[in-house]
Amino acid sequence: MKKLFFIVSLFVTLIVNAQNEVLFSLGDREKVTKDEFLQMFNKNATVSMENSAVEEYLNLYINYKLKLLQAYDLGMDKDSSTIAQVQDYRKSIVKPYINDTKVLDSLALEAYERLKILVRASHILISIPTNVAPEDTLQYYQKAQMIYKKALKGENFIALVDRYSEDPSATTTTGIANHGDLGYFSSMNMIYSFEQACYERIIMDAEDDTPQIKDSITFCRSNFGYHIIKLTSAIKAPFYTFNFAHIFVNAKKHEGQDIKQLIDNAYNQIAALGFDSVASLYSDDAYSAQRGGVLSNQRANTVPAEYIDLYLKHTDGKTTQPFQTRFGWHIVKYITSVSLPDYNVLEQNIKARITKDDRGFLSADRFIAKSKDTYGYVIDSNALKQIANFLTDSVFSATWQMPEEIDEIKGKFLFSIGKQTFTCGDFIEYIFENQSNTTPTHLQTYVNKHFKSYSDNNVLDYAVENIGEMYPNVKESIEEFKRGVLIFDLTDKMIWTKSLSDSVEVEQYYEKHKSKYLYTERADAVVWLLNKDLDIKTIQKLIVKYRKKGKTNDEITDIITEKYGEKISYTWSRFEKGANNIVDKNIFNKGYTFATNNKKEFIKDTTSITNRNVIIELIEMMPVSIKPLSACKGLVTSDYQEVLEKKWIEDLKEKYPVKINYELLNSIK
C-alpha cells in the first residue's frame with residue numbers, strides 16, 4: 001500500500017513539475033512556463049489548428065512578451081493616460097457584478113414581453129449640452145414643454161420636428177431627412193427611458209389581445225436631452241427575425257436619372273431572369289446584391305418601416321411591386337421568418353444585453369450600501385457636524401475662504417472604507433474646490449449633501465478598485481486590458497507614429513522597392529453615359545467634332561446638355577481592371593491589351609445595366625508601370641512598418657536574449 005502511495009505521489013509530482021517547466025526565458029527578466037503558454041494558446045486555438053500553429057503562436061507570444069518588458073522598463077505603466085484608461089475599463093467591467101438578481105430577472109421578463117410588440121414612433125429632440133450645470137437645464141426643459149404642449153394640441157408633428165428637433169437625423173441621414181420618424185422598434189433597440197415612455201402608452205385590447213395606443217403623444221428625458229414623442233403605430237410583432245431578398249435603387253446614387261424607370265425595368269425582368277439575377281444586376285446594396293439580394297436574420301429595427309408594413313400584406317415567398325421610401329425605390333421578396341422563441345431560450349442573451357445598458361445596474365445608492373457592508377464603513381458624525389460651524393453663507397456665492405481656526409480639525413478622522421481613511425481636511429478641501437453659485441440653504445444641510453456625494457464617490461472608487469480581490473477573473477481581465485494598452489501605446493511610439501512622421505525614410509524605402517508597386521495594364525478612357533432617347537451615333541460624332549476643336553470633357557458635356565437637356569454625363573480615369581464594370585465589360589473582358597490596342601477608338605454599348613447608352617472613348621491602353629509614391633503611400637507605409645517591426649524585435653531579442661526549451665515545445669506539439 002505504501003509503495004502504491006509513493007508511485008501515485010511521484011506521478012502527481014511529475015505532472016505538476018512538467019506543467020511548471022519553463023518553456024522559454026527572456027534573458028534573466030522573464031520566465032514563461034508551459035502552463036502559462038498553453039493557457040494563452042488555448043484562448044486563441046481552433047479545432048483545425050495544426051502542429052505548426054504552436055510554433056507560430058510561440059513566436060507571436062515571445063514578441064508580445066518582449067514588447068511588454070520594454071513597456072515596463074520605460075515606465076509606461078505609470079503614465080497618467082494608461083492609469084486613466086485602466087480605471088475607466090475597471091469601472092465598465094465591474095458593472096455586471098453589481099447587478100441585483102431579482103431586479104435583473106424582472107427587467108429581463110419585461111424586455112421579453114415587449115419583444116412581442118413592435119412600436120413605431122417619431123420624436124423631437126431638445127439636446128442638453130454635456131457641460132451644462134444642473135440648475136441651467138431649466139431653459140431646455142421649458143423649451144421642450146412648450147413644444148410638447150403644441151404637439152398635445154394637435155399641431156402638425158412633422159412641422160414641429162422640422163422646426164425644433166436637434167436630432168441630426170431629422171434633417172439628414174446620409175443626406176436624407178427622416179423628419180423624426182424612427183421606424184419600428186421593440187425592447188432593447190432604444191435607450192431605456194425612451195423605450196419606457198413608449199411602451200407605457202401601449203395597452204392590450206381585452207377582446208382580441210392586440211396592442212392599442214392609449215395616448216400617442218408623450219415626453220421623456222434621456223442622456224441626450226428631452227424627447228417629445230409621437231407613437232404612430234403599435235402592432236403584434238409578426239416575427240422575431242426574418243429573411244428576405246431585395247432590390248434597392250439608391251435615390252442619391254441615381255440623382256438626375258429616371259430612377260422609377262430603372263426600378264420598373266428591374267421588376268419586369270424578374271419573371272424571365274429570376275430575382276437573384278436581377279438583384280445582382282440592379283441593386284445598389286452591394287452586400288446583398290452579390291448574394292442574389294438575400295439578407296438573413298433581420299430585425300424590424302434594421303429595415304425601413306415600409307418593409308414591415310408590406311410584410312403584413314404578403315405571405316412568405318411573395319414579391320412586392322416596386323415601392324418608394326425616403327432612401328429610394330425597392331422590390332422585396334419575403335422568404336421566411338422566425339417566431340419569437342420561448343423565454344428560456346432567450347433569457348441569458350437578454351440578460352447579457354441588459355447588463356450593458358442603463359436599465360441593468362443597481363442604483364448607485366444600493367451598490368454603495370452593499371460596499372459599505374462588505375468592506376466596512378466607519379464615520380464620525382460629530383466631526384461632520386463640526387465642519388458646518390466653520391462655513392459661512394459666502395459658500396453659496398463661491399467666495400468662501402477657509403478660516404485659520406479650521407486647521408484644528410483638519411487632521412481629525414472623518415470616515416473610512418476598508419483600509420482607506422479620510423480626514424476632515426480631505427472633505428474641507430473638497431468643499432472649497434467645489435463651491436458654486438447656488439441657492440442658500442441651511443449650512444448643515446449643505447454640508448450633509450456634499451458629504452454624501454464625496455463619501456459615496458470614494459466608497460464607489462474603493463469598491464471598484466478592489467473588485468478583483470473578490471473576483472479573480474475580473475482582476476485578470478483588468479490586467480489583460482492594461483497589457484493591451486501598454487502594447488498599443490508602445491507600438492504607436494515605435495512603429496506607427498515613426499512611420500508617419502519619417503517621410504524621408506518612407507521615400508527611401510519606396511525608391512529601393514518601387515518595383516513591387518505596379519499598375520496593371522490600364523485603359524485611359526472617358527465613359528460617356530447618355531439617355532436612351534439620344535442617337536448614339538450622333539452623340540459620338542459631336543464628341544469627335546468638339547474633341548478635335550480642343551474642347552474639354554466638361555465643355556463637351558455643357559454643349560450637348562444645352563442642345564439636348566441634361567441627358568449626358570461622363571467619367572474619365574485611367575481604369576485598372578475591376579475599377580469600373582462598364583470598362584471591364586467592353587475593354588478588359590474583350591481582350592484589349594497594350595500590345596494589341598494602341599490606337600484611340602470609340603466603343604458603343606447599348607445594353608448597359610445602367611439603362612443608359614454608353615460611349616467609351618478609349619484614348620489608349622497603358623502598359624504595366626510603377627506607381628508613383630502618391631498612389632501607393634498607404635501600402636508603402638504599411639510595408640515600411642513591417643520593416644520597423646522586424647528591426648524592433650531583433651533589437652529586443654538582443655536586449656533580452658530568448659532561450660526556448662525545444663524538448664518541452666515538442667511535447668506540447
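Not measured: the values here are computed from a predicted model.
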Verify, without hydrogens or angle tests, whether [X] (side chain) and [Y] (backbone) share a donor-acceptor contact under 3.5 angstrom.
X	Y	value
N531	D533	no
S186	L118	no
E155	K150	no
S193	R221	yes
T218	I229	no

Would you check, one step at a time, whether the test side-chain contact (heavy atoms from CB on, under 4.5 Å) holds for F224 with I191? CA-CA 10 Å; F224 298 102; I191 49 179; 3.7 Å; yes
Applying side-chain contact (heavy atoms from CB on, under 4.5 Å) to Y509 and K512, what does each step give before you reach the verdict? CA-CA 5 Å; Y509 177 83; K512 289 180 182 178; 5.9 Å; no
Calculate, to the nearest 0.5 Å, the distance between atoms [atom1] and [atom2] belonging to [X] and [Y] respectively.
X	Y	atom1	atom2	answer
Y184	D309	OH	CG	4.0 Å
E642	I495	CD	CD1	10.5 Å
F242	Y334	CZ	OH	6.0 Å
L340	L115	CG	CG	5.5 Å
I331	L310	CD1	CG	12.0 Å
L182	N301	CG	CG	11.0 Å

How close do [X] and [Y] get, counting heavy atoms only, and between which atoms?
X	Y	value
I228	A151	CG2-CB, 4.2 Å
R353	M188	NH2-O, 3.2 Å
N580	V583	OD1-N, 3.0 Å
I202	A234	CD1-CB, 3.6 Å
V506	S499	CG2-O, 3.4 Å
F588	A523	CZ-N, 3.9 Å

Does this structure show an ion pair linking [X] with [Y], if we count only N-O contacts that are shorter than 4.0 Å?
X	Y	answer
K143	E166	yes
K532	D258	no
K647	D651	yes

Under the ring-ring contact (aromatic ring centres under 6.0 Å, His included) criterion, do F239 and Y311 qualify, and how do the steps go? CA-CA 10 Å; F239 50 74; Y311 176 88; 5.0 Å; yes
Just wondering, do [Y] and [X] contact through their side chains at under 4.5 Å, heavy atoms?
X	Y	value
Y640	Y510	no
Y546	I560	no
N586	L618	no
F157	D181	no
E617	R547	yes
I559	L542	no
I487	L490	no
D264	W329	no

Could you go through H179 and S122, starting from their C-alpha distance and side-chain angles, then the distance that decides it, and tell me whether this counts as side-chain contact (heavy atoms from CB on, under 4.5 Å)? CA-CA 8 Å; H179 300 293; S122 298; over 6 Å; no
CA sep, side-chain torsions, deciding dist, call: Y570, D554, side-chain contact (heavy atoms from CB on, under 4.5 Å): CA-CA 9 Å; Y570 77 90; D554 286 337; 2.6 Å; yes
With a 6.0 Å cut-off (strictly less than), is the heavy-atom count around [atom1] of [X], excluding the residue itself, greater than 12?
X	atom1	value
E650	CD	yes
K633	NZ	no
K493	NZ	no
K230	NZ	no

Any luck finding a side-chain donor-acceptor pair between [X] and [Y] under 3.5 Å?
X	Y	answer
H330	T325	yes
H227	H123	yes
S169	D167	yes
N613	T606	no

Where does the angle between the aromatic ring planes of Y307 and F244 fall among parallel (under 30°), tilted (30 to 60°) and perpendicular (over 60°)? perpendicular
F185 and Y199 aromatic ring geometry - parallel, tilted or perpendicular at 30°/60° bounds: perpendicular
Hey, mind stepping through E576 and Y519 against side chain to side chain donor-acceptor pair (under 3.5 Å) and telling me if it holds? CA-CA 8 Å; E576 287 187 277; Y519 285 119; over 6 Å; no
Check K516, K514, K646 against D639 for a salt bridge (charged side-chain N to carboxylate O under 4.0 Å, His left out) and give me the one that passes. K516
Extract all donor-acceptor atom pairs below 3.5 Å that involve side chains of residues 291-300 and protein atoms in other chains or at least two apart in sequence.
residue, atom, partner, partner atom, Å
R291, NH1, Y287, O, 2.7
Q298, OE1, T302, OG1, 3.2
Q298, NE2, S296, O, 2.9
R299, NH2, Y240, OH, 2.8

